[in-house]
Each structure stands twice: as C-alpha cells, then as structure tokens.
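Quick notes on the structure that follows.
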Amino acid sequence: MRILPSGSRALLLEFDSLEDVLAQYAALQDADLPVLDIVPAGRTILVIGDRDADLRSLAGQLETIEPGEHSGHSGAPVEVPVRYDGEDLADAADALGCSTDELVRRHLEEQWTVAFCGFAPGFGYLAGTKFEWDTPRRESPRTKVPAGSLALAGEFTGVYPRESPGGWQLIGHALVDAFDLDRDPPALLAPGASVRFVESS
C-alpha cells in the first residue's frame, strides 16, 4: 500500500490489485479513524479526514491497519433477477471466445462483489472472483442506454441505474431498480457487497 497526499484534507491509498482494495476497504470501515468519508475505486481508496484531522497522524494510523475479509467472501449475497436478452450478448460472447450460453452460465455462476460505485448514483462496478473477464467496450458508445441494462466492460459487470450514455456491452436487463430514492438505502448495491445474478423469465 502506498499513501499519497490528496489536497489539504485527504490521503490517497494506492494498491496493486482490486482484491487488495476490497480487503483494505473492509478493514478501514471497521477502524476508529478521524475521517469524513472513505471512497474505494479500482486500485485506490480516497480517505477524507475530519476537519481537525492531522494527515500525518492519520497516515501513521492507516499504515498499522491490516487488510480485512471483505463481505464479498462471507456475507449473504444480494440477489438480482435478470434476463439475458441484451443487444450485445452475442458480441460480448464472441469477444470472450465463448458461446452466448457459456457467457450466461459463467455470469450466473460468478461470485460478484461490488468493488466501488461511481459514474452515476447507484452504479456499482462489480468484479468477479472465478473467471478472468476482459470485455472490450463498444467501439461506438450509445448516447442512451436504458435504465436497468445489465452490461460488461473490462473486468467489471454492472447495472445501469438510469438512462444514460454508455459504451459497455449490454448483455441483459435487471428486473429490479438499481437506484430508488424512495428506498432506504436508495442504492441496491453498496461497495463490498456480494452479488448473485438470478435468471428470470
């Protein structure tokens, strides 16, 4: 783990892998630290200190925290019902060198974990643990991706929480809202959560 300053109020932690991020994020959530927020990403965690926090002291505390066991390995998974009927299903399967049936089977069997959120409220970047996913983005991004679209890009899968532009390969549709302001919490998928996709007719 490498600790770097980030402005006057935060520290940026750099890691070699997403797995390292998830393990350290789990430990930081349980630690008693003078922080306002902890924001995970693909290879980094941004730690925003309290108003009165001394960043040098905070960095020293962070160095002593051992990685934890992230909930993606132990918690009950969030089940997301889906239909695999996306416009790019065949193209995504071809890019991964398998049939559409094989892609669907692998996606259903994968142990997904919400690595981090971003791009739009409720958009979770889900990483797998069983298969090596490296799905290229579309050469021409869509200007409108329907809300609920289930998609693949790079090592991640995700569900578009609302209509928005996007270049991920659309492989299906989720039959539940990924983001609902009338729900508590509004985001269905929070960082660290384990997720299982369930095929529905």
Side-chain angles (χ1 to χ4, degrees), residues 13-26 38-46 70-73 75 77-98 100 102-142 145-179 187-199:
L13 315 184
E14 287 187 340
F15 299 88
D16 292 332
S17 70
L18 180 59
E19 189 71 13
D20 291 343
V21 171
L22 292 171
Q24 197 68 27
Y25 179 66
I38 303 170
V39 184
R43 296 291 184 276
T44 63
I45 300 175
L46 182 67
H70 65 78
S71 60
H73 287 169
V78 177
E79 292 194 350
V80 179
V82 296
R83 282 199 306 261
Y84 289 94
D85 56 359
E87 297 176 43
D88 304 325
L89 180 60
D91 289 343
D94 186 59
L96 292 171
C98 63
T100 56
E102 176 70 5
L103 187 154
V104 169
R105 183 188 65 77
R106 289 168 55 179
H107 197 266
L108 286 168
E109 292 179 355
E110 182 59 272
Q111 299 174 30
W112 296 105
T113 299
V114 184
F116 57 95
C117 292
F119 172 62
F123 190 97
Y125 289 75
L126 280 62
T129 58
K130 295 173 62 177
F131 300 103
E132 292 186 4
W133 300 85
D134 188 12
T135 314
R137 286 170 168 76
R138 288 173 49 83
E139 290 185 6
S140 178
R142 293 182 169 87
V145 175
S149 293
L150 174 66
L152 289 171
E155 62 188 296
F156 300 107
T157 194
V159 176
Y160 281 78
R162 64 184 184 191
E163 182 180 281
S164 62
W168 289 31
Q169 304 279 358
L170 308 184
I171 64 170
H173 296 86
L175 305 181
V176 62
D177 291 332
F179 189 77
L188 177 66
L189 308 175
S194 175
V195 178
R196 187 167 76 91
F197 291 99
V198 180
E199 189 168 21

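If you're wondering where the values come from, they're calculated on a predicted model, not measured in any experiment.
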Go through the steps to decide whether Arg196 and Val198 satisfy the test side chain to side chain contact (heavy atoms under 4.5 Å, CB included), and finish with yes or no.
CA-CA 6 Å; Arg196 187 167 76 91; Val198 180; 3.9 Å; yes

Short side-chain to backbone donor-acceptor contact, Thr157 and Ala151, under 3.5 Å
yes

Rounded at 0.5 Å granularity, tell me how far CZ in Phe116 sits from CG in Leu18.
7.0 Å

Distance check, rounded to the nearest 0.5 Å: Arg43 atom CZ versus Ser17 atom OG?
6.5 Å

Mark yes or no for whether Thr44, through its side chain, and Ala41, through its backbone, hold a donor-acceptor pair below 3.5 Å.
no

Once you round to the nearest 0.5 Å, how far does CG of Leu188 lie from CZ of Phe179?
11.5 Å

Which heavy atom in Ala92 sits nearest to a heavy atom in Leu152, and how many Å separate them?
CB-CD1, 4.5 Å

Under 4.0 Å between a side-chain nitrogen and a carboxylate oxygen: does that hold for Lys130 and Glu110?
no

Sequence-distant partners of Phe119, ring-ring contact (aromatic ring centres under 6.0 Å, His included), two or more places apart
Phe123

Work out which heavy atom in Val21 is nearest to a heavy atom in Phe15; give both atom names and the distance.
CG2-CD1, 3.7 Å

Looking at residues at least two apart in the chain, or sitting in another chain, which of them share a side chain to side chain contact (heavy atoms under 4.5 Å, CB included) with Glu163?
Lys144

Ignoring hydrogens, what is the shortest heavy-atom contact between Pro40 and Tyr25? Give both atom names and the distance.
CD-CE1, 3.6 Å

In terms of the angle between their ring planes, are Phe197 and His107 parallel, tilted or perpendicular, with boundaries placed at 30° and 60°?
tilted

CD on Glu109 to CZ on Phe131, rounded to 0.5 Å
5.5 Å

Distance (rounded to the nearest 0.5 Å) between Trp112 CH2 and Tyr125 OH
14.0 Å

So which heavy atom on Leu189 is nearest to which on Cys117, and how close?
O-SG, 3.6 Å

If you measure from CZ on Phe156 to OG1 on Thr113, what distance do you get to the nearest 0.5 Å?
11.0 Å

Of all the heavy-atom pairs spanning Asp88 and Arg142, show the shortest one and how long it is.
OD2-NH1, 2.8 Å

Extract all donor-acceptor atom pairs below 3.5 Å that involve side chains of residues 164-172 and protein atoms in other chains or at least two apart in sequence.
residue: Gln169; atom: NE2; partner: Pro136; partner atom: O; Å: 3.0

Arg138 atom CZ: more than 12 heavy-atom contacts under 6.0 Å:
yes

Between Val159 and Ala178, what is the shortest heavy-atom contact and its length?
CG1-CB, 4.0 Å

